[in-house]
Asker: 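Attaching a single structure in structure tokens format; questions to follow.
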Amino acid sequence: MMMRSAVAAAVVAVVLAVALAAEASELKVGYYDKSCPGVENVVKWHVIKALKANRKTGAALVRLIFHDCFVRGCDASVLLDPTPENPHTEKTAPINIGLAAFDLLDEIKSAVEDRCPGTVSCADILIYAARDAGSLMSNGNVHFDAPAGRLDGMHSHAADAQRDLPDSTFTIGELIQNFKRKNFTIEEMVILSGAHAIGVGHCSSFRARLTAPKEQILPAYRGLLAGKCGAGPDPIVTNNIRDEDPKAIAATVPSFLPRLRKFEFLDNSYYHNNLARIVTFNSDWQLLTEKEARGHVHEYADNGTLWDEDFSESLLKLSNLPLLPPGSKGEIRKKCRYVNHY
């Protein structure tokens, strides 16, 4: 009798897994309309509250969608904490230094579980939250209807992140090949790079820029970065000079004082900064070293509305990268930091 029960339970588990996989193989807008009505509003409410408290959380969410989807597809594998069984998850990878907003996603997941237990994946919550952050950080100019129906991955490895994510030290050739492997064009690579209009970077990610020649970086801006990076072992620096401390700007690039802004804003300013040689990462400057990429930098510097539209489309494409690697299993996690059997 126990054997029959065990076999029956195993069959049910297999059928459920197959059903979940089939269900998740087709993403659609309004996926939770019947199973968890209003879930997108729940996510947005928490994102709005978080950005009112700290606007930098918006940049962290936009960064997370890229760092999750570019590795194993959008499976929330980047959210998994290290454990004794797996001490080197994606979030521990050197290339993922400074990832944030995990506490906010925990908060959202808890609220969603209270509303609809075991229904909404962490992967979908991350997509919704990043989409809303992009919209809020751009005053609604960046927006897309987010299809859902993803499962949460059960594997996360730092080595995968190191292999798949583009490094800030990459040359233009390495960048192009990296994005090509994920089926992104040179134009889309330039479009997604525009996310560096917001957020921060660690000095360890751009040390070489501190000694780069004036043809690659404005000497005054190089001096600003050097001063910031000399303040500690690995300080963080704002990605966009327009969000810098006025005192630091007055001491190094005083001509830029009129262009400072009161808060971070997701717009096409990244492209203006790049053409002026005032961007932090080598991978940013590298866009000017290849004809097609350079042309797109000029294109988006000249047309902010076009970039808003194309960035929205590129985020949508990013969110639709293959859900899980072939043969992988998925689940709806109870908590975003751990797989359910932990």
Side-chain angles (χ1 to χ4, degrees), residues 17-28 31 60-83 85-102 105-106 108-109 120-131 133-134 146-168 170 174-175 177-184 188-189 192 195 314-342:
V18 171
L20 282 171
E23 190 177 20
S25 65
E26 295 184 7
L27 303 179
K28 66 177 183 179
Y31 182 86
L61 287 170
V62 173
R63 186 184 180 204
L64 270 179
I65 188 177
F66 184 85
H67 282 244
D68 184 41
C69 297
F70 223 67
V71 179
R72 296 176 59 88
C74 307
D75 67 345
S77 54
V78 75
L79 305 184
L80 289 173
D81 275 354
T83 64
E85 292 79 11
N86 182 17
H88 303 295
T89 58
E90 289 175 34
K91 65 169 58 172
T92 70
I95 201 166
N96 278 333
I97 185 174
L99 288 183
F102 299 114
L105 292 168
D106 290 341
I108 297 173
K109 176 63 172 175
V120 183
S121 68
C122 297
D124 283 339
I125 288 173
L126 174 53
I127 297 298
Y128 288 148
R131 183 269 311 270
R150 300 165 187 81
L151 293 177
D152 296 322
M154 301 174 69
H155 300 278
S156 180
H157 305 287
D160 292 342
Q162 286 298 123
R163 179 195 64 220
D164 290 349
L165 289 167
D167 193 273
S168 60
F170 273 7
E174 291 171 320
L175 288 168
Q177 287 303 311
N178 178 271
F179 278 80
K180 185 178 180 180
R181 284 196 292 270
K182 300 295 181 179
N183 198 32
F184 283 90
E188 290 166 332
M189 174 185 74
L192 288 170
S314 295
L315 282 184
L316 177 59
K317 179 176 178 177
L318 183 66
S319 73
N320 284 326
L321 283 176
L323 305 184
L324 290 171
S328 296
K329 295 181 180 179
E331 62 182 5
I332 305 293
R333 286 184 215 146
K334 296 175 183 177
K335 295 186 177 181
C336 292
R337 293 175 184 262
Y338 301 104
V339 295
N340 289 340
H341 68 257
Y342 177 69

Asker: Hey, what do you get for CE (Met189) to CD (Gln177), rounding to the nearest 0.5 Å?
Answerer: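 With rounding to 0.5 Å, CE (Met189) is 10.5 Å from CD (Gln177).
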Asker: For a quick test of reading the model, state the closest non-hydrogen atom pair linking Asp124 to Val120 and the distance between them.
Answerer: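 Residues Asp124 and Val120, closest heavy atoms: CB-CG1, 4.5 Å.
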Asker: Please give me the minimum heavy-atom distance between Ala101 and Leu61, naming the atom from each residue.
Answerer: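 So the minimum-distance heavy-atom pair works out to CB-CD2, 3.8 Å.
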Asker: Between Lys91 and Ala100, is there a donor-acceptor pair closer than 3.5 Å when you use the side chain of the first and the backbone of the second?
Answerer: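 Here the side-chain-to-backbone pair does not exist.
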Asker: Any idea how Phe70 and Phe184 line up, ring-wise: parallel (<30°), tilted (30 to 60°), or perpendicular (>60°)?
Answerer: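 The rings of Phe70 and Phe184 sit tilted, inter-plane angle from 30° to 60°.
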Asker: Look at Asp164 together with Lys182 and state whether they make a salt bridge at an N to O cut-off of under 4.0 Å.
Answerer: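 Looking at Asp164 and Lys182, the cut-off is met.
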Asker: Might you work through the side-chain hydrogen bond (donor to acceptor under 3.5 Å, both in side chains) test for Ser314 and Glu188, ending with a clear yes or no?
Answerer: CA-CA 6 Å; Ser314 295; Glu188 290 166 332; 5.0 Å; no
Asker: Can you tell me how far CD1 of Ile127 sits from CG of Leu27, rounded to the nearest 0.5 angstrom?
Answerer: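 Reported value, rounded in 0.5 Å steps: 9.0 Å.
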Asker: The test is side chain to side chain contact (heavy atoms under 4.5 Å, CB included); show your working for Glu331 and Val339 and say whether it passes.
Answerer: CA-CA 8 Å; Glu331 62 182 5; Val339 295; 3.4 Å; yes
Asker: Return yes if some donor-acceptor pair links the side-chain N/O of Asp68 with the main-chain N/O of Ala123 below 3.5 Å, else return no.
Answerer: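 Flag not set: sc Asp68 to bb Ala123 has no pair under 3.5 Å.
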Asker: Hey, does Asn86 have a side-chain heavy atom less than 4.5 Å from the side chain of His157?
Answerer: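 Yes. Closest side-chain heavy atoms under 4.5 Å.
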Asker: Does Asp106 pair with Lys335 as a salt bridge, N-O distance under 4.0 Å?
Answerer: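 No salt bridge links Asp106 with Lys335.
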Asker: Backbone N or O of Leu80 within a donor-acceptor pair of the Thr89 side chain at under 3.5 Å?
Answerer: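 Answer holds: yes.
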Asker: Where the side chain of Arg333 meets the backbone of Ala76, is there a donor-acceptor pair that is under 3.5 Å apart?
Answerer: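 Such a contact is found between Arg333 side chain and Ala76 backbone.
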Asker: Can you name the closest pair of heavy atoms from Pro147 and Leu316 and give their distance?
Answerer: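 Scanning both residues completely, I find the closest heavy atoms to be CD-CD1, 3.6 Å.
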Asker: Of all heavy-atom pairs between Cys69 and Ser319, which one has the smallest distance, and what is that distance?
Answerer: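 Nearest heavy atoms, Cys69 then Ser319: SG-CA, 4.2 Å.
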Asker: Does Ile332 offer a backbone N or O that forms a donor-acceptor pair with the side chain of Asn340 under 3.5 Å?
Answerer: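 Indeed, once roles are kept as given, a pair shorter than 3.5 Å links the two residues.
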Asker: Kindly give the heavy-atom pair with the smallest separation between Ala148 and Tyr128, and that separation in Å.
Answerer: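 The pair with the smallest heavy-atom distance is CB-OH, 3.1 Å.
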Asker: Would Leu192 and Phe179 count as a side chain to side chain contact (heavy atoms under 4.5 Å, CB included) here? Give the steps.
Answerer: CA-CA 10 Å; Leu192 288 170; Phe179 278 80; 4.1 Å; yes
Asker: Using 0.5 Å steps for rounding, measure from the CD atom of Gln162 to the CG atom of Asp167.
Answerer: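 It comes to 7.5 Å.
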Asker: Look only at the side chain of Lys317 and the backbone of Asn183, and say whether a donor-acceptor pair between them is shorter than 3.5 Å.
Answerer: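 Checked: pair present.
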Asker: May I have the step-by-step check of side chain to side chain contact (heavy atoms under 4.5 Å, CB included) for Glu90 and His67, ending in yes or no?
Answerer: CA-CA 9 Å; Glu90 289 175 34; His67 282 244; over 6 Å; no
Asker: Check the pair Asn320, Arg150 against side chain to side chain contact (heavy atoms under 4.5 Å, CB included), reporting the backbone distance first and the verdict last.
Answerer: CA-CA 10 Å; Asn320 284 326; Arg150 300 165 187 81; 4.2 Å; yes
Asker: What distance separates Leu79 CG from Phe102 CZ, expressed to the nearest 0.5 Å?
Answerer: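 Separation between the atoms: 6.5 Å.
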Asker: Under the 3.5 angstrom rule, does the side chain of Ser121 hit a backbone N or O of Asp152 as a donor-acceptor pair?
Answerer: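 Not at all, since once roles are kept as given, no pair shorter than 3.5 Å links the two residues.
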Asker: In the structure I gave you, are the side-chain heavy atoms of Ser77 and His155 within less than 4.5 Å of one another anywhere?
Answerer: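 No - every pair of side-chain heavy atoms lies 4.5 Å or more apart.
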Asker: Would you say that Val71 contacts Val78 through its side chain, given a criterion of any heavy-atom pair below 4.5 Å between the two side chains?
Answerer: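 No. Closest side-chain heavy atoms not under 4.5 Å.
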Asker: What's the spacing between Leu321 CG and Phe66 CZ if we round to 0.5 Å?
Answerer: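 One finds 9.0 Å between CG of Leu321 and CZ of Phe66.
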Asker: Kindly give the heavy-atom pair with the smallest separation between Pro166 and Ile95, and that separation in Å.
Answerer: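 Reported closest heavy-atom pair: O-CD1, 3.6 Å.
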